[in-house]
Amino acid sequence: MTLSLMPMGDGSSPAGELLNGLNPSQAEAVRTTEGPVLIIAGAGSGKTRVLTFRIAYLLRSGVTPNHVLALTFTNKAAQEMKERIAHLVGSGTARGIWAGTFHSMFARILRQYADRIGYTSSFTIYDTDDQTAAIKAVMNQLGVSQQVLPPNGVRSRISGAKNTMISWQEYARNADSIAEKQTGQIFEEYEKRLTQANAMDFDDLLLNTIKLLEHHPDVLELLQDRFRYLMVDEYQDTNRAQYQVVRMLAQKYRNICVVGDDAQSIYRWRGADIRNILDFGRDYTEATVVRLEQNYRSTKTILAAADSVIKRNTSQLKKTLFTENPEGEKITVLACRDDREEADMIARAVAARVAKYGYSYKDVAILYRTNAQSQALEDALRRSNTPYHIVSGVSFYKRKEVKDALAYLRLLVNPNDTESILRIINEPTRGIGATTLERVQEFALRTSTPIFDVLSSIELVPMMQARTIKAVQDFIGIIRRYQDMLDELAPASLAQAYIEATGLPQMYRSQQSEEALDRWNNIERLLDHVAEQQELDDQMTLVTYLEQISLLSDADDPQLGTERISMMTMHAAKGLEFPLVVIAGLEQGLFPLAKAETDMAEQEEERRLLYVGITRAREQLILAYAERRYRFGELVFSRPSMFLGEIDKETLAPSARSMAGSSPSQAPQQKQSPYSQESGGSSYSQLPMPKRYTSASQPTRRGVQGPAPSGPTTLIVGQRVKHPMFGSGTVSAVSGTGQSEKATVMFDNGQRKQLMVAFARLEQL
């Protein structure tokens with residue numbers, strides 16, 4: 001399929017020449033360089049092209065490269081931007097630009113001024129695994145049960161607080177429930193543990209930058225003078241901390257250009273605040289607003305389908321997308337009995353299109369709302385011998401042997417990194433057991449001494465056996481010997497010799513099993529990667545290499561573009577595009593999630609997520625749903641997603657049009673749920689549904705005991721219940737009747753769940 005090309009423009013000066021090839025709106029966005037600018041960039045409208053050309057335009061107009069700061073959300077986007085700019089202005093000029101992710105750019109700044117906020121320049125950046133390990137250690141220290149309060153949930157709550165710039169003191173002060181109060185205590189000790197380890201988590205990279213700028217006006221002024229031109233990509237996904245640091249840096253010169261699309265704001269759950277882009281005109285009253293409305297990616301059919309969905313949202317910036325691309329194929333909707341049939345039908349539909357249209361497997365993406373959906377899809381693709389991969393950009397670096405090797409390297413540059421010490425001190429086995437580590441940690445806590453220093457003087461720790469002292473001293477000796485070589489050897493050479501000296505590769509080589517040899521190869525691949533990166537950047541150090549690895553995201557997956565189908569969540573698909581896209585699991589309670597039924601903000605977020613999914617498709621789109629699927633061990637019967645009924649039926653293939661009607665006329669905030677079968681105005685009620693059970697065929701009800709309710713609900717707010725998986729809790733909300741009855745339960749472990757009562761196996765207490 002041939003898509004339309006961008007039109008040519010005029011320009012005769014060195015900078016003006018860059019306007020050739022841009023449409024009028026793009027050209028306006030590029031040449032408007034002074035003062036605040038908001039670029040509303042619709043899906044597929046060429047925003048990356050505009051950003052790169054805008055930076056090149058600044059440089060050709062005489063702006064010094066290091067006066068430009070461009071912030072992106074993925075390393076992939078930053079790298080693509082740098083390469084395009086280098087092509088336009090030359091690699092020498094482009095090298096001086098500060099362009100990268102929020103976290104990588106502010107990590108770079110913090111390494112320059114780390115001493116101002118109580119860190120050294122070799123601080124470690126903790127990923128989610130490191131954070132969870134630290135939180136578990138704190139919980140053990142405080143005697144908090146990990147069964148009652150799951151560590152991952154604690155990490156999520158702490159991260160959420162940091163994203164909204166809430167300190168541990170404020171969190172603890174506002175804590176109401178027992179779970180919140182315990183989280184506040186863990187938050188406090190977690191922060192202390194990070195500081196002692198000379199470590200920051202991802203959220204700290206932003207918070208500590210703000211702290212640096214607020215407490216050191218000289219640094220703020222220096223950075224404001226350095227970054228006279230700021231550009232922020234994906235501004236709709238910025239959180240409160242990102243918004244704050246950008247505002248501070250732009251305050252002096254106000255040459256800030258933000259690019260984004262409110263219709264693609266899909267990270268509310270991790271702190272993104274859509275108000276940042278919606279209220280840009282309030283923050284910068286003199287701002288110029290440029291709308292990029294011509295789509296160069298998708299067919300008319302796909303764009304019309306996306307527009308028919310997103311126009312249902314009330315909170316959005318005005319724009320009207322259009323395209324000069326062909327009409328394209330109509331959208332296919334697959335109605336399936338269950339998730340297994342859905343997976344098989346998707347596999348067959350993809351195979352048919354690959355054969356008919358000559359697609360490669362790399363041209364295909366299968367998207368889903370939750371990771372749990374991938375299992376059935378993977379099984380179907382394996383049965384059909386179809387190559388695929390799950391998009392997870394950091395998967396290689398999550399493997400045990402790779403994380404062990406990285407922990408050794410981190411310890412080399414930051415001996416205070418507690419989590420790295422605890423991870424590898426007995427890997428390979430050295431005879432340093434759990435009892436020894438408990439005594440070391442107790443001694444460190446009692447004497448307020450870093451663990452590495454305690455290990456360095458292990459003979460001072462009470463009740464240590466001679467062989468244990470010898471083992472610890474040998475371990476510390478390896479670290480110190482290679483620390484002395486940090487300034488003498490190149491990073492690749494040092495890493496190779498040091499990792500070999502730890503005994504880690506030899507441990508796997510000696511085992512001679514296929515799995516062990518695979519692990520050994522992974523360590524060697526990591527060391528090869530250090531050498532490759534050193535060749536690309538002769539200024540690279542182990543510190544900067546480890547930082548680069550810590551900040552990888554899913555969008556940096558090295559397998560993207562290889563000859564296999566890409567499978568990923570809707571969130572992971574952001575920023576990508578494929579000729580053929582499949583979206584699976586379009587059912588109420590799954591997409592949109594159940595909480596969207598009663599929360600308008602959540603419903604609009606879910607609708608934006610579908611909009612993102614649809615607009616990943618360039619040429620063809622397949623939508624699928626199942627009448628029932630297993631979720632959390634329960635067979636759940638589903639209704640087709642309300643969003644299916646919102647899609648313009650003229651964009652659907654004839655076989656699917658009977659499944660789509662007018663969308664709900666009743667607003668979600670009305671008392672009667674528009675999703676209940678009784679609300680005849682709901683579009684999805686016209687879609688094929690599971691057969692209604694008669695009294696003779698009705699299955700055994702696995703919810704509360706007694707006959708299936710047909711009138712008033714069988715649960716009341718405030719009632720105590722018990723779930724076989726989540727434990728005991730209190731009912732906080734009840735909605736629906738009969739088979740549609742739902743209960744929201746606040747469980748004693750801090751989790752909040754909305755459950756279908758008929759299938760939840762709730763026991764009334």
Side-chain angles (χ1 to χ4, degrees), residues 55 63-75 77-79 81-82 85 94-127 162-163 165 191 194-195 197-235 237-258 410 413-414 537 539-553:
I55 294 173
V63 174
T64 304
N66 63 10
H67 283 170
V68 177
L69 172 62
L71 298 170
T72 66
F73 271 79
T74 67
N75 295 291
Q79 187 59 37
M81 185 185 298
K82 291 175 185 176
I85 294 169
R95 194 174 294 120
I97 299 166
W98 283 56
T101 64
F102 274 90
H103 294 95
S104 65
M105 289 296 96
F106 295 136
R108 184 175 169 185
I109 290 171
L110 288 172
R111 292 205 189 278
Q112 286 185 255
Y113 302 102
D115 61 315
R116 299 286 196 103
I117 54 172
Y119 288 81
T120 73
S121 61
S122 60
F123 63 80
T124 297
I125 300 172
Y126 278 5
D127 63 16
K162 288 187 174 186
N163 280 333
M165 301 176 63
E191 291 293 276
L194 283 178
T195 302
N198 190 35
M200 302 183 195
D201 59 28
F202 286 170
D203 302 313
D204 289 331
L205 294 176
L206 297 172
L207 293 178
N208 284 335
T209 301
I210 293 172
K211 177 180 176 182
L212 173 69
L213 300 182
E214 286 181 339
H215 295 171
H216 300 278
D218 60 317
V219 176
L220 173 60
E221 186 172 7
L222 187 151
L223 293 177
Q224 286 175 336
D225 286 333
R226 176 183 294 171
F227 304 132
R228 301 186 183 196
Y229 294 88
L230 273 73
M231 268 159 279
V232 185
D233 193 12
E234 305 287 4
Y235 192 66
D237 291 329
T238 52
N239 60 33
R240 183 65 186 175
Q242 290 163 332
Y243 164 84
Q244 177 73 359
V245 74
V246 167
R247 187 189 65 80
M248 294 174 74
L249 290 174
Q251 199 167 24
K252 184 173 182 180
Y253 292 96
R254 299 181 73 79
N255 294 325
I256 176 172
C257 172
V258 301
R410 284 165 43 165
V413 299
N414 178 19
D537 179 8
Q539 300 298 311
M540 187 195 83
T541 65
L542 274 181
V543 170
T544 57
Y545 174 79
L546 292 169
E547 176 184 300
Q548 172 189 336
I549 298 305
S550 297
L551 299 176
L552 284 175
S553 68

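The structure displayed is predicted, hence computed values, not measured ones.
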Determine whether a donor-acceptor pair (N or O, by modelled atom type, separation under 3.5 Å) exists between the side chain of D204 and the backbone of L207.
no
When you measure from the side chain of K252 to the backbone N and O of E221, does any donor-acceptor pair fall under 3.5 Å?
no
In terms of heavy-atom contacts, V413 and S122 come closest through O-OG, 3.1 Å
Expected output: side-chain R228 to main-chain D225 donor-acceptor under 3.5 Å:
yes
Could you tell me whether the side chain of L71 reaches within less than 4.5 Å of the side chain of W98, counting heavy atoms only?
no
Taking every non-hydrogen atom, the tightest pair across M248 and Q224
O-NE2, 2.8 Å
Can you find a pair of side-chain heavy atoms, one from M105 and one from V245, that are under 4.5 Å apart?
no
With a 4.5 Å heavy-atom cut-off, do R240 and N163 have their side chains touching?
no
Can you tell me how far the CG atom of L205 sits from the CZ atom of R108, to the nearest 0.5 Å?
14.5 Å
Do M81 and I55 come close enough that some side-chain heavy atom pair is under 4.5 Å?
yes
For A94 against I85, the heavy-atom pair lying closest together
CB-CG2, 3.9 Å
When rounded to the nearest 0.5 Å, the distance separating CD1 of I210 from CG of L249 is 9.5 Å
Working to the nearest 0.5 angstrom, can you tell me the gap between Q251 CD and I256 CD1?
11.0 Å
Reported OG1-to-CG distance for the pair T120 and N198, which is rounded to 0.5 angstrom
3.5 Å
Keeping T64 on the side-chain end and H67 on the backbone end, is there a donor-acceptor pair under 3.5 Å?
no
What is the ring orientation for F102 with F106, classed by angle as parallel under 30°, tilted 30 to 60°, or perpendicular over 60°?
tilted
Taking all non-hydrogen atoms of both residues into account, name the closest pair between D237 and Q242 and its distance.
O-OE1, 3.9 Å
Evaluate the side-chain proximity of N239 to L206: yes if any heavy-atom separation is below 4.5 Å, no if none is.
yes
Determine the sole option in I549, T124, L542, I125 for which the side-chain contact (heavy atoms from CB on, under 4.5 Å) test with R410 is passed.
T124
What I'd like to find out is whether the side chain of Y113 reaches to under 4.5 Å of the side chain of H216, using heavy atoms alone.
no
Looking at side-chain heavy atoms only, is the closest gap between M200 and H103 below 4.5 Å?
no
State, yes or no, whether a side-chain contact exists between Y119 and R111 at a heavy-atom distance under 4.5 Å.
no
Rounded to the nearest 0.5 angstrom, the OG1-CD distance for T209 and Q244 is 12.0 Å
Where is the tightest heavy-atom contact between G100 and A78, given as atom of each residue plus distance?
CA-CB, 3.5 Å
Using the side-chain contact (heavy atoms from CB on, under 4.5 Å) rule, pick out the option among V219, L223, L69, L213 that qualifies with I109.
L223
Donor-acceptor contact present, side-chain T238 to main-chain E234, <3.5 Å
no
Going from CZ on F202 to OG on S550, what distance comes out if it is rounded to the nearest 0.5 angstrom?
6.0 Å
Where N414 and A197 come nearest, the two heavy atoms and their spacing
ND2-O, 3.1 Å
